[in-house]
Amino acid sequence: MRRMAGMILGVLTLGSVLGLVRANTVLSENGYEGVVVAIGEEVPEDPNIITNLKKMFTDGSLVLYEATRRRAYFREVTIVVPSTWNSSEHYMKTQGSGYVSGADVRVDLPHPIHADDPYTLQLGGCGEPGAYVHLSPTYAASMYSALQHTYGPPGKVLVHEWAHLRWGVFDEYGEHGTITPAFYIGEDMQVHATGCTDSIKGWLRKTDGSECHADISGMPNSECHFFPADHLNNATASLMYLYFLDSVKMFCDNDPMSHNPYAPNAQNLQCDGRSVWEIITLHKDFRDGANPSRQKRDADEDLMPKFQVIQEEAKEKPRFVLLLDLSGSMDQFMNQLYQAVVRFVRDLVPTGSLLAVVSFANTSRLDLNFTVVPENRDYIVSKLPNTYTDGGYTAIGGALEFILQLVEDTRTNSKGLMVVLITDGDETMHPKVETKLPAIKKKGIIINTVSFGPNATDSLELWAKETGGRSYYHSTGSTGSLSSLDALLFDSITKDLDQRGDQLLQVYRTTHDVEEKGGQAVGEVVLDSSLGHETRFTFTESIVPYNEFSIWVSLRGPDGKDFQASSDPRLFHIDNDTRAITFSILHAMPGRWKYIISNTPRNHWPHRDEVVVAVTSHPNRKTRQDPVRVKAWMSANNITYPEPALVYAYVSQGYSMVLDANVTAVIVPPTEEESISFPLLDNGVGADVRAGDGIYSAYFTQYSGNGRYSLSAIVSTSDLTARLQGTPSGSAEAPQRPGTSALRRLTLPQTVMLPEPESNFPPGQLVPLEDPALPSRNASRRLPLEPFTRFTSGGIFKVHNYQPGDQQPPGRVTDLTVSYVYLYDALVSLTWTSPGDDLYSGTASSLELRYHETMRFHNNFHLGHPVNSSHLTSGDLTPRPAGEQHNITLKILGRTVDNLEGKAVFFVLRARDEKGNSGNMSNIATAYFPLKKYTRNIQEEQKMEALSGLVVLVVLAVIILVIVAFIASVKLLHNRNREKRREQQLVEGGHAHRFFS
């Protein structure tokens, strides 16, 4: 529990997930300011959407105020209308800057899975903020009319999703067929609907109003649902459960809302049994007494938000300033810096954007004034600095002051201007950056920082965070270091989560060590059909003193066409200064491209070459298909050892999540050790919150020291890779995704006669179906994806207080499941995914499995009965390697059929390592033993079958004996008749002899 609390606090201090959450939304004096709602360009114009959004936030403000106990409401909300809508005198005009991707709430095309369900894209675990709330155009236009009954009051829907987005809490309802089931057996041996409290009353019914049946486990089957009694409940919690009930106005808390920590919902599973309100109060909005409750309740009119509606005009050109440190300490890094900056300018800066280059040491210098980036970048490249200032100091604050003056002199729009600062040292001259940050923030300038080497100032991450930027780290000493710097620069200017249109994508990136003279390296790049416009293959040789540019490259397309040296500079370009060979192909064919790199040194110094291969491409303008996009990030910027780092990657195509991809995270440490690669998984185990949501996750624990660690991710397809496509919008079978979507209200037919509502139900009243097979639930359709590859950078995190040694405990099992129960032999089969020695890597040393008749032993593990080898009828408790499935069957000793039937037994598991560190206790798995009358007695059936077999054998034997006797009798009779005939013949013969004689 302490580890969970520490992780939550570490996450919440970040306040944003590396730019995926709008940093401008703040809670000041109990009012949220800077809230942005953006309408997508493809949303059909409908004035009802704006009217409904205003009413939704107005109603939601009152709901939020009461739910947070007078500690928060919506004060200022900006609604952004797309340029595709008609102009209106009620709209303020603004130049476009990608509002949709940075908005708190977006109104955009329906999600392939959620359809018209309001939902929040939650990217991480407990306490981690989400990316955005999504409303479909249909819901936004009909939330107060046709869809209000389905989803409930829009103000409550908004607060429900805001809690996901802002505070990182989870839903408290369950769903059939998931690790958070719709129903569970409580300590009272009654069936309960999975929720926050046990006090909400209703009925168990199928959607047609008929009575529910049990499945083979004795629990309500997948056709059974809980229908709350709308007007007969007075429970006030919870807004993360049945929020559409009139009485529900609060978040679940330990007191007085009676939070149930044992209900198997996503909130308890992800937050280790902690209530929603407890997690909310840990957020910086309320932590340490921030924004305390108003002593006197405000009037409703004082809680109404102030709205401004703005309309995007023509999209403004992106604007960048490269701010380069040329102080004396950069002498050993100038070759790397120059190579990366040239590559960045020549191949990665968007055509048509505005670019300025400023360098600094003691003073600042304008190397390139704001210039529109053309197709041919030679002029800009010629302006890039390639020498350092001998003995120069590091005047970063003065450089920012220089940029402020440059923006004013050139009358450049400063809002959204990105400054990419690359530095290797600390500030050594006045003015300091802290004195310039207020002016930078007022101008709306964003600072992205790249730490060049391990000695850059610790303030870089703070400057980026304060201005809404991102931070990156380039290790100057590790192998393959060049493979990251220009990639970091590229990522720093394309940070939006799902920016659409013609955005350049990094398709492929790797490093080859090419042996000395005559050596070769070969590789293959997969280019999918969604890309191919203006594709560049770049091969860059590392600069080694006294060695000449010595590589040669041949490239072959999927159709067998070879690309080599050409007189056309638009196709083939060699840059001897940066030692790079680039192939530029306007319309690259999809498929597998193959290359060969040859080492052909031109001097007598044979040497081994390190060559970086990078491939970028724009979306295909002919197919107009959304390409697969990848975003990688860490859950926190600062980590205190031994807390683990949580690594995430989101793989999507449009709004569709991509499943079963091969995702590899690459961590570059602050030391000169080689980078560390490990898989990210989307299996709902360990660091991964949900299986099958396109968010791939893992813990990183392989620290080697204090300092900055950088992240990148490589994605490719497997044989199973697919994207999800849901059923048509409005379908009764549209899949519901737990933990993300608003809950649909289910309604019983009015003609159904119902008993008094109850809050719990005797499981013995659920009669199993004679044929338990039910129609399969209409799951999401998987659409196979063609092969693709992607590469992305993911920013940095800093480790503090590192100490060698094994201080990581084993991971927590979150999917302990009862797969089989048999009453007459008191047998229970359990399955789980194995944790590791260090969280979810390696193999634990031992497993402790215990069971008890109550759930409360979860608070005191040793109260449970330990399971040992004498209990096991199959399998064993020997730990398996992390990630492997573990299955056992055990017998509940000393229990009889009579004292087990209609009862439940609860199981909990934890792992230990060789140092004695124990992992956190698993989720509770419940084995319910149905009543005898609903359970097959296999032993009796086997006895009856054996007796029946014996009877059959006896009958067969009797029949055989009768047949044998009959045959014997017939044969005997036949023999007797033959003897009589013979005797008759002899008698007749005797008479004849006497006659003739």
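Each of Lys443, Lys317, Arg319 was checked for a side chain to side chain contact (heavy atoms under 4.5 Å, CB included) with Asn413, and the lone residue meeting it is Arg319. Each of Tyr709, Phe452, Phe333 was compared with His474 under the ring pair (Phe, Tyr, Trp, His ring centres under 6.0 Å) criterion, and only Phe452 meets it.
A distance of 6.0 Å or more separates the ring centres of Tyr696 and Tyr648. Between Tyr699 and Tyr840, the distance separating the two ring centers is shorter than 6.0 angstrom.
Closest non-hydrogen pair, Ser704 versus Pro669, comes out as OG-CB, 3.6 Å. Minimum heavy-atom separation, Asn917 to Gln808: ND2-O, 4.1 Å. Between Thr449 and Ala464, the shortest heavy-atom distance links the atoms OG1-CB, 4.2 Å. Here the closest heavy-atom approach between residue Asn801 and residue Asn706 is recorded as N-OD1, 3.1 Å. Scanning both residues, Val433 and Gly397, for their nearest heavy atoms gives CG2-N, 3.7 Å. Considering every non-hydrogen atom in both Phe170 and Val689, the closest pair reads CE2-CG1, 3.7 Å.
Shown here are the side-chain hydrogen bond (donor to acceptor under 3.5 Å, both in side chains) partners of Ser353, two or more places apart in sequence or in another chain: there are none. With sequence neighbours excluded, the residues that form a side-chain contact (heavy atoms from CB on, under 4.5 Å) with Ile676 are Phe678, Phe700, Gln702. In this structure Glu461 satisfies the side-chain hydrogen bond (donor to acceptor under 3.5 Å, both in side chains) test together with Arg708, Lys798, sequence neighbours excluded. In terms of the salt bridge (Lys or Arg N to Asp or Glu O under 4.0 Å) criterion, residue partners of Lys441 (sequence neighbours excluded) are, by chain and number, Glu466. Shown here are the side-chain contact (heavy atoms from CB on, under 4.5 Å) partners of Asp325, two or more places apart in sequence or in another chain: Ser327, Met330, Phe360, Thr394, Thr423, Asp424. Residues satisfying the side-chain contact (heavy atoms from CB on, under 4.5 Å) criterion with Glu29, sequence neighbours excluded, are Arg75. For Asn386, the side-chain contact (heavy atoms from CB on, under 4.5 Å) partners at least two apart in sequence or on another chain are Tyr338. For Arg790, the salt bridge (Lys or Arg N to Asp or Glu O under 4.0 Å) criterion is met by Asp528, not counting sequence neighbours. Remark: Tyr508 engages Tyr595 in a side-chain hydrogen bond (donor to acceptor under 3.5 Å, both in side chains) (not counting sequence neighbours). By the side-chain hydrogen bond (donor to acceptor under 3.5 Å, both in side chains) test, Thr371 is found to be paired with no residue, residues two or more places apart in sequence or in another chain being considered.
The salt bridge (charged side-chain N to carboxylate O under 4.0 Å, His left out) pairs that include a residue from residues 386-406 are Glu401-Lys436, where partners are two or more places apart or lie in different chains. Among residue pairs with one or both ends in residues 425-434, none qualify as salt bridge (charged side-chain N to carboxylate O under 4.0 Å, His left out); sequence neighbours excluded.
A donor-acceptor pair under 3.5 Å links the side-chain atoms of Thr467 to the main chain of Ile447, judged by distance alone.
Inspection of the Asp285 and Trp167 side chains reveals an N or O donor paired with an N or O acceptor under 3.5 Å. In the model, Ser359 has a side-chain atom that pairs as donor or acceptor with a side-chain atom of Asp367 under 3.5 Å. Checked by atom type, the side-chain pair Ser793/Ser712 shows no donor-acceptor distance below 3.5 Å.
Shown here is Tyr393, whose OH atom has no more than 12 heavy atoms of other residues, nucleotides or ligands within 6.0 Å.
For the atom pair CG of Asp688 and CG of Leu681, the computed distance is 7.5 Å after rounding to the nearest 0.5 Å.
Counting only heavy atoms from C-beta outward, the side chains of Pro385 and Leu324 approach each other to under 4.5 Å.
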Test log, rule side-chain hydrogen bond (donor to acceptor under 3.5 Å, both in side chains), inputs Gln405 and Asp409: CA-CA 6 Å; Gln405 189 62 47; Asp409 292 344; 2.8 Å; yes
Please evaluate residues Tyr650 and Trp633 with respect to the criterion ring-ring contact (aromatic ring centres under 6.0 Å, His included), reporting the C-alpha separation (whole Å), side-chain torsions for both, the decisive distance (0.1 Å), and the verdict. CA-CA 9 Å; Tyr650 182 41; Trp633 71 97; 7.3 Å; no
